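Each remark here refers to the structure printed beneath this line.
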Number of protein chains: 2
Amino acid sequence: MEQEKYTQLWLNYKNAEGNGGIQDVEIRGFSPENRVIKSAVCELKDGVSKKLAVAITQDITVLREGYCLEGSNDRVEIKASDEKGVLYGAFALIRALSCGRNAETLSEKASPSNPLRMMNHWDNMDGSIERGYSGNSFFFANDDMIIDDRTRDYARLMASIGINGIVINNVNVKGTATYLITDRFFDKVKELSDIFADYGISLYLSLNFASPIELGGLDSCDPLDESVISWWKDKIKEVYNRLPGFGGFLVKADSEGRPGPFTYGRTQADGANMLADIIKTYGGIIIWRCFVYNCTQDWRDRKTDRARAGYDYFKPQDGYYHDNVILQIKNGPMDFQIREPISPLLGGLTRTNQMLEVQIAQEYTGHQIDLCYLIPLFKEVLGFHTYSGEEKDTVADYVSGRTMGNALGGMAAVINTGNDMNWTGNDLAAANLYGFGRLAYDTDLTAEQIAREWIAQTFGLDREHEDILADMLLRSREIYEKYTCPLGIGWMVYPGTHYGPSIDGYEYSRWGTYHRADHLGIGVDRSDKGTGYAQQYYEKNAVMYNDPEKCPEELLLFFHHIPYTWKLKTGKSLIQHIYDSHFEGYEETEGLADAWKKLKDVIPEDAFERVSERFKLQLENAREWRDQVNSYFYRKSGIEDEKSRMIY
Amino acid sequence: MEQEKYTQLWLNYKNAEGNGGIQDVEIRGFSPENRVIKSAVCELKDGVSKKLAVAITQDITVLREGYCLEGSNDRVEIKASDEKGVLYGAFALIRALSCGRNAETLSEKASPSNPLRMMNHWDNMDGSIERGYSGNSFFFANDDMIIDDRTRDYARLMASIGINGIVINNVNVKGTATYLITDRFFDKVKELSDIFADYGISLYLSLNFASPIELGGLDSCDPLDESVISWWKDKIKEVYNRLPGFGGFLVKADSEGRPGPFTYGRTQADGANMLADIIKTYGGIIIWRCFVYNCTQDWRDRKTDRARAGYDYFKPQDGYYHDNVILQIKNGPMDFQIREPISPLLGGLTRTNQMLEVQIAQEYTGHQIDLCYLIPLFKEVLGFHTYSGEEKDTVADYVSGRTMGNALGGMAAVINTGNDMNWTGNDLAAANLYGFGRLAYDTDLTAEQIAREWIAQTFGLDREHEDILADMLLRSREIYEKYTCPLGIGWMVYPGTHYGPSIDGYEYSRWGTYHRADHLGIGVDRSDKGTGYAQQYYEKNAVMYNDPEKCPEELLLFFHHIPYTWKLKTGKSLIQHIYDSHFEGYEETEGLADAWKKLKDVIPEDAFERVSERFKLQLENAREWRDQVNSYFYRKSGIEDEKSRMIY
């Protein structure tokens, strides 16, 4: 048997017993020739092995992109008001059967929590992936595009979890990628977007804000310059002529060396609105990243606070952005650390479309070597009460549009895929890929529900083994947090790679990312006596974060500079907590690795071995973290471990 | 006027007033057709502007490669026993005149202190230079060799300072460089070696010890394997057929990932002697680097000591190396730090040819951005008394062969050149290039003599300005030391780049390079209570280094772990010394930059601007060192600066 080039992840229909369960699908209301309906029918025929009659029925009472499944006597009816709803319903049926549900008693109704559910690829056209840990790009190589069988399977996988928008290229747009909106690549982008369209996915591109200069030969990209505007009008018209159904542009401007409106003394709103006004004619949107901060900070400076930068800049512009602009806001104010507070921009903006950006590429969370199931983190973010005074005041409410009644919003993930045969390097990291999509579609799902769905479809384990793996996933984020940076401080990694411990790695750098540890204590004072960052929250949260006694302890060092002798609620001193949590984190990592061994006989051998190799590396990594963090703080504080364990 | 592609450094004959001072040269005893004699005559005609009669006379009483200059009535006689002596005499005459000496009263006699005076290029065949700070290679580009006008000028420059051997390629021999000893490159290497030969310089190559595998298709490079030996016999025969006059090979084996005898359970002597026995027939030599250590150390391990590695390995093999092998030994036991003790192998070996290796490429000493005149450091090394019990017991005595009466020995420098138009990036770094050669030829020259010679020939300054620049050079090493790592501890740099402060950069690494700072003190205990490294010296030095009260304070932290409150001989505490020296170091750097400004009108404008730019960077660098080092130790010790200066 030929070795497969890549796995089908949770759409592993080969595991089904023979397929062919569905002979024909009755379609009512929809055109059987519609590309998305055809995809849905195809999936049903491939993915259902049980003898089953299936009907697809248009029902305009079902919400947009939602579906109803109703089962009875070997028959299931999928109802939806639109074609995407049908496709999602088809995948839901396949999922339900894979998870062992009974078709005859199926009664499931769902509609997306978020209008936009997006994946952001940081793929470069040379084939590399910025912060990629799963091989190279499957979209690009050698400054050209790749379109092959895998492209379609990728689209199927994304549709199966409800993704409806994909940005295919890195937000740092340079070199060849600038030419994705030119004749050089239009044909191939069109081919790709057609494949996406078959699965209800809009293709988006990251944009080089300096395109008028680099492509147009203008001497400016000032968003208020008439020749620049005129250039963009022509260019966007051309884009839509060549790419009907194109979703729009994602823009990283004026950040980390990228060009933007600031060069010309303009606001981010000036830049975003200019593009948005032009693209609106074609139904497109502009997604504008809020990742603007001073990346040439002086470590000596204790007043400037990178955490403040997003809110300080964008809050005064609230209401200035036109209605087809969405601000894409990272979950925390810094940059995807294992523990950060929720960005105060989320819900802090009350008159601006907003989208939550999370990262399933494990940049700071273990490079897909260390196991770190991130759905619990995302659940915390979504469930965070802003206490804005609105009835619907959680982050989930704001980004979904529920609070403000706006149509545009949602969730985006920096994706964790590459051309590794298992897509995500670590087979278990696929749980984050799956989980993000499912959560974006239905934010009420629990992290455990999602984990079990993923396990059932991927490995089809019995309950006992599913419990083991679900438990590993659910505990993994807390374990990673324990052996890495204590209590929300973050950043103790190598600049550049963002892996492995380097306690002072960022301490004397220009990135605004400091822990300020000295012989007495550690942490950044972001209270009203410090940088004042805590005051960016609505009052109830501001009061809580401002006071070290009230501040949630997992964020204590993010908000306060705390003496090593400070007593935590457990009665432990801060320093003892650091020691204990790091010893525990390593021991619990050993526990994860041991638990995995119990699955040896129920996981396919190749996957089992791949993950086992990762656990070996994770153990080494956790040991380095434990010993370096403990040694660092022991050498600084001079305070002995109460339990006299080995600290170097 | 056409812009010159590169400068002539100290052979700047254009500065001479018109040249043509010498019409003809009378030659007695030597063949006027000899290639080296012809070069000497050519230099004399180009380089002497004063009307002068010059005679070259063979005198077999002059020592090998030595010369006598005797001046009288507009006539100078150059006497030598061999052609190289003539060439060096010719350059000496040009130098004397450039330095303002009177030809008529010239009476100078010199002969080389060291038989071998070598430059080691770490140039790669793709044109990059490992640890190069002056552009790319002028020998290699795009996996090919470059031979042009610059090649000859380079050879002239090297001959003018007495260099008689040059290794053209990086000691880490990989890829294309392995093929330098094959037909692919023989013609070009021959062409290059002919140019070198015109100037009395032997060409050497770094060798890939795995050549029998990579070139020969054997499955081993075991030095005791008959097929390997046979392969080398054929190969070296071929090399000498194609490259008559070839000097020999430099080998880095079993170090930092390079292959070597250890792979086959053989000794370094096995490897070196095998090659040496073969090459001896042709008059060649094998230079074997002693840079063997465990580069995968565990930072937790306080017993293993990288400083010990060289002596521990090579001392027991003393006497095992054949007489055309030279062990090339770095000046310190670690790796070219701004302050290290002298390697105990130097003079510790008493029955082995040895060569001192220093580095003028400023890898750890400021990347040719920071001014760091290294001749004072080399003088310390050469003048170091080993107290071996021999009458001639300094390092200079040992490496010159004076102590043991051996014929092979000398000095090698990792060179600081590249294809920058000024050769050394920083124009002032050429003082190290010049100085190394002069010092290797005459180890009795003082650092100041060398500095003044270089200034006179390069810039021709009046006494007042020469004093300023000489003072800058002579103080620069001490200043660099002050603002960087305190008291011999070293290594507080970024791994990888080896520039800029990163106090803990190597602290938790695998490189064996730790400072062991904690809340009470800093330093590595290498006494008999610690790693025992101090015991590798002869008794008098061992006793001195072993005792923190007797240990020279500039090396205190290299040999001992010392509390911050330890009183130094100045009466200052260690911590106060750290603060004071770092504040002073920065202030003195400002002094250097200010002194340079005084030379604005006497230094060519382009050179003045280039150096001024470097001082700007050096000031930024010194400020980072000062603030990061001081903050690091303040945060760790909690001890206030007595003078209450700003520490962060």
Side-chain angles (χ1 to χ4, degrees), chain A residues 296-304 492-497 499-510 514-524 561 563-565 575 582 586 620-621 623-641 645-648, chain B residues 296-304 492-497 499-510 514-524 561 563-565 575 582 586 620-621 623-641 645-648:
Chain A
T296 57
Q297 200 176 320
D298 190 324
W299 60 271
R300 300 165 187 81
D301 170 10
R302 296 197 180 213
K303 296 204 179 94
T304 307
M492 294 175 168
V493 290
Y494 284 98
T497 66
Y499 190 69
S502 178
I503 318 299
D504 272 356
Y506 272 99
E507 189 57 14
Y508 302 95
S509 79
R510 62 185 177 87
Y514 314 111
H515 56 60
R516 306 294 192 197
D518 61 20
H519 64 297
L520 296 175
I522 176 178
V524 181
H561 189 84
Y564 297 122
T565 52
I575 189 77
H582 284 78
Y586 180 74
E620 286 175 23
N621 193 30
R623 175 168 173 262
E624 282 304 319
W625 274 103
R626 178 195 70 188
D627 289 345
Q628 291 193 31
V629 169
N630 284 343
S631 297
Y632 181 96
F633 287 102
Y634 172 64
R635 292 188 191 182
K636 215 149 205 166
S637 69
I639 301 172
E640 302 284 345
D641 171 36
R645 289 163 294 195
M646 191 63 204
I647 293 177
Y648 299 89
Chain B
T296 55
Q297 201 176 320
D298 190 323
W299 60 270
R300 299 165 188 82
D301 169 10
R302 296 197 178 211
K303 297 204 177 93
T304 307
M492 294 174 168
V493 291
Y494 284 98
T497 68
Y499 189 68
S502 177
I503 318 302
D504 273 357
Y506 273 98
E507 190 57 14
Y508 303 96
S509 78
R510 62 186 178 86
Y514 315 111
H515 56 61
R516 308 293 192 197
D518 61 20
H519 65 295
L520 296 175
I522 174 178
V524 181
H561 188 84
Y564 297 121
T565 52
I575 188 77
H582 283 79
Y586 179 75
E620 284 175 25
N621 194 28
R623 175 166 172 265
E624 282 303 319
W625 275 102
R626 178 195 69 188
D627 289 344
Q628 290 192 31
V629 170
N630 284 343
S631 297
Y632 181 94
F633 286 102
Y634 172 65
R635 292 187 191 182
K636 213 148 203 165
S637 70
I639 300 173
E640 301 285 343
D641 171 36
R645 289 162 294 195
M646 191 64 203
I647 293 177
Y648 299 88

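Only a predicted model underlies this, so the values are computations on that prediction, with no experimental measurement involved. Below, chain A is the first sequence line, B the second, and so on; all start at residue 1.
- There is no contact between Ser509(A) and chain B, counting heavy-atom distances below 4.5 Å.
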Exercise for review: Take Ile647(B) and Ser631(B) through the test side chain to side chain contact (heavy atoms under 4.5 Å, CB included) and record every step on the way to the result.
Suggested key: CA-CA 6 Å; Ile647(B) 293 177; Ser631(B) 297; 4.1 Å; yes

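- Chain A forms the most heavy-atom pairs under 4.5 Å with one residue out of Lys636(B), Gln628(B), Arg300(B), and that residue is Arg300(B).
- Most heavy-atom pairs under 4.5 Å with chain B, from the set Arg623(A), Glu507(A), Arg516(A): that is Arg623(A).
- Using a 4.5 Å cut-off between heavy atoms, Asp504(B) contacts chain A through its side chain alone, with no backbone atom that close.
- For the residue pair Tyr508(A) / Asp627(B), no side-chain donor-acceptor distance below 3.5 Å is found, with atom types taken as modelled.
- For Asp298(B), the part lying near chain A is the side chain, with the backbone staying farther off; criterion is any non-hydrogen pair under 4.5 Å.
- Contacts between Arg302(A) and chain B at a heavy-atom distance below 4.5 Å involve the side chain alone, from C-beta outward.
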Practice item. Tell me, with the steps shown, if His582(A) and Tyr632(A) meet ring pair (Phe, Tyr, Trp, His ring centres under 6.0 Å). Key: CA-CA 12 Å; His582(A) 284 78; Tyr632(A) 181 96; over 10 Å; no

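- Checked against ring pair (Phe, Tyr, Trp, His ring centres under 6.0 Å), His519(B) has no partners two or more places apart in sequence or in another chain.
- Qualifying ring pair (Phe, Tyr, Trp, His ring centres under 6.0 Å) partners for Tyr648(B), counting only residues two or more places apart in sequence or in other chains: Trp299(A).
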